[in-house]
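Take a look at the structure below.
Read the numbers this way: they start at 1 and go in the same order the structure lists the ligands and their atoms.
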Amino acid sequence: MLPEVIAPQKTISFEKIETAIYTSEEQACSAVAEEIADLINKRQESGQRTVLGLATGATPKKVYAALIQLYVSGKLSFKNVVTFNLDEYYPMKPGALQSYHRFMEENLFNHIDIDKNNCFIPNGDIPQEEVKAHCEAYEKKIEEYGGIDFQLLGIGRNGHIGFNEPGSHVSSATRLITLDHLTRFDAAYEFGTLANVPRKAITAGMGTILKARRIVLLAWGERKAMIVRQAVEGPVTEFVPASYLQGHHNVTFVLDESVAAELTRKKTPWLTDEVAWNNGMIKKAVTYLALTLHKPILKLTNNDYNQNGLSDLLALYGQAYDINIEVFNQLQRSITGWPGGKPNADDTHRPERALPAKKRVVIFSPHPDDDIISMGGTFQRLVDQGHEVHVAYQTSGNIAVADDEALRFIEFVKDYNAQFNIDSPQAEHIYDEALKFIQVKGSGEKDTPELRYVKGIIRRGEAKNTCRFVGIPPEQVHFLNLPFYETGLVEKSPIGPADFDIIEALIRKIEPHQVYAAGDLADPHGTHKVCLDGIFEAMHRLKNEAFFKDCWLWLYKGAWAEWDIDLIEMVVPMSPDQVLKKRNGIFKHQSQKDGVVFQGADSREFWQRAEDRNRATAELYNKLGLAEYAAMEAFVRWKF
Ligand code: F6R
């Protein structure tokens, strides 16, 4: 391994907007809440009110939670605060589940001492012919209150702020706007299906936003990393409305690490600043160089390093040849067909220990199909190589089953009973009730407990089927049904002690040598992140147990992105036949095929997404000059 060396200092910035990068969303949100509280308190001291511009959506929720905390602890009052929200869907009844009126009440206004007469939100419940006048009045009202002191913003994946979609003019005012396709796609989650998402919205304009005296834009999660980079480092363009903020004198982008990952100073830090040339950084730079130049690692020359901002690295270590070999070997050693360790082999340079030869393994799967989708090939190998593999399904996954799928199963029970003269008024009743409910069910409305139960057992049956297919006995299949998930809505409860206890008890019972978990460290809306937090907490509680010293945690990437190549510590290659077998394992999840409930913006079936991704990882290794495999599943080891 090459020794760590610090390169001489240089500081070049590509950023045209001030950015503040925090290690977590929580830290970022409490810092923003503190800034807002300071402003309110200072203005209050001099007898002035504060006018806040507010945003909705998943992003600012923790800021609102932190503000509520400050209010509850007596450090903040909203008596002297006026708020103007950015937007509202059109048409939209204020009481509807997805309305921003309701969002603000539930996430902030109902929990603080604000006078609701001072809370303004565009009205999505007026006739079309009144909208223009309503928008003009909204603008006027902001002016009457002296303009916005502090504007909070989120950002859409297309760069919208408020609902100023690409194409919005820099000086646009509050108006009715047609929503972009991507915006509607991203909102489909909350509305059940895309068809239910309104096509229009009323939004404060770009001009309205830019008049604010202070602007803070929040963004979390890797899904928005590219658009944040474009807004911060790219040209000012109507195609990325957030880039207009480059022209504002007092704006900060508050980011978490994962959304900042595409900024030049994070992606290729050697181009902007002094870096510590440690193992990870060298791997990052060399793989980046090889992929950018479309050259395998072993063909990189001194010239390539010099001409691409890596002369420091070369100067420190002498020769391209030495650096190339070092990184190539590291990648080579991450490839293993023995994810549970190879018995009787020298394991000095292998990702896993050889001993014990037979390991106890727990695969945590946030939903009932992440195990097979994300690490089906590895799951199969672990079983085939004789390890005691358990799967723990963390949530029931019940909200992702379509109503007609549930009805089909209830009908099956009804017909079966009729055929064999089994008198079950209960089954009849459940069917009738479910049918009645589904006929009147509103968009995104919560299912009845019976219907949720049915949906849950459908998914449970599919997961059992997969485990049977891979070859593990029923007693090694665990359904945790974590309570935080069971709200019946997209919105889940916060994870808490009841969930931690369940996860802890399972790990304690099995005393595993290996734990696999969905490592979506930065998936702000996601169940995966919450499920991972639960595992971290349970492991934290178990850290002093004897077995824990010998327990390794491997993270697979549960969502559709793969780990960055420089982070990967183990890759398990798959042959074409193994790819096919995995596909058949995924097929067991019938309820998740053919246009599922929460399809999102990606219309590919789950097996296609999994195959594309595993093929891409194999191609990446191959492009870097390593052997050519059909597919690969990648893992990062989490060290406590
Ligand atoms: C909402 C708004 C939008 C959102 C953006 C991000 O009031 O103005 O610009 O901030 O669509 O939404 P989330 O936070 O749900 O990803």
* Asked: Should His160 be counted as touching ligand 1, given the test is an N or O pair under 3.5 Å?
  -> yes
* To do: Kindly state each residue pair satisfying side chain to side chain donor-acceptor pair (under 3.5 Å) with at least one member in residues 229-246, sequence neighbours excluded.
  => Glu233-Thr264
* Which of the atoms in ligand 1, numbered in the order shown and given with their element, are less than 4.0 Å from a heavy-atom of Leu86? -> 8 (O)
* Asked: Looking only at distance, does Leu153 have an N or O less than 3.5 Å from an N or O of ligand 1?
  -> no
* Which is it for Asn85 and ligand 1 at heavy atoms under 4.0 Å: side chain, backbone, both or neither? -> neither
* **Carboxylate-amine/guanidinium contact Lys93 Asp125, below 4.0 Å** => yes
* **Ligand-residue contact atoms, ligand 1 with Gly162, heavy atoms, under 4.0 Å** => 2 (C), 3 (C), 8 (O), 9 (O)
* To do: For Thr56 and Asn85, test the side chains for any donor-to-acceptor distance below 3.5 angstrom and give the result as yes or no.
  => no
* Asked: Can Glu139 and Thr208 be counted as having a side-chain donor-acceptor contact under 3.5 angstrom?
  -> yes
Tabulate below the donor-acceptor pairs under 3.5 Å that side-chain atoms of residues 141-148 make, not counting sequence neighbours, or state none.
none

* When you check the side-chain N and O atoms of Glu405 and Ser591, is any donor under 3.5 Å from an acceptor? -> no
* To do: For Gly154, counting its heavy atoms only, list the atoms of ligand 1 lying under 4.0 Å from any of them.
  => 10 (O)
* To do: Mark the output for Lys224 as yes if a heavy-atom distance to ligand 1 is under 4.0 Å, and as no if none is.
  => yes
* Provide the number and element of each atom of ligand 1 under 4.0 Å from a heavy atom of Thr59. => 13 (P), 14 (O), 16 (O)
* Asked: What do you reckon, does Gly57 have a nitrogen or oxygen under 3.5 Å from a nitrogen or oxygen of ligand 1?
  -> no
* Modelled atom types, side-chain donor and acceptor of Arg452 and Asn398, under 3.5 Å -> no
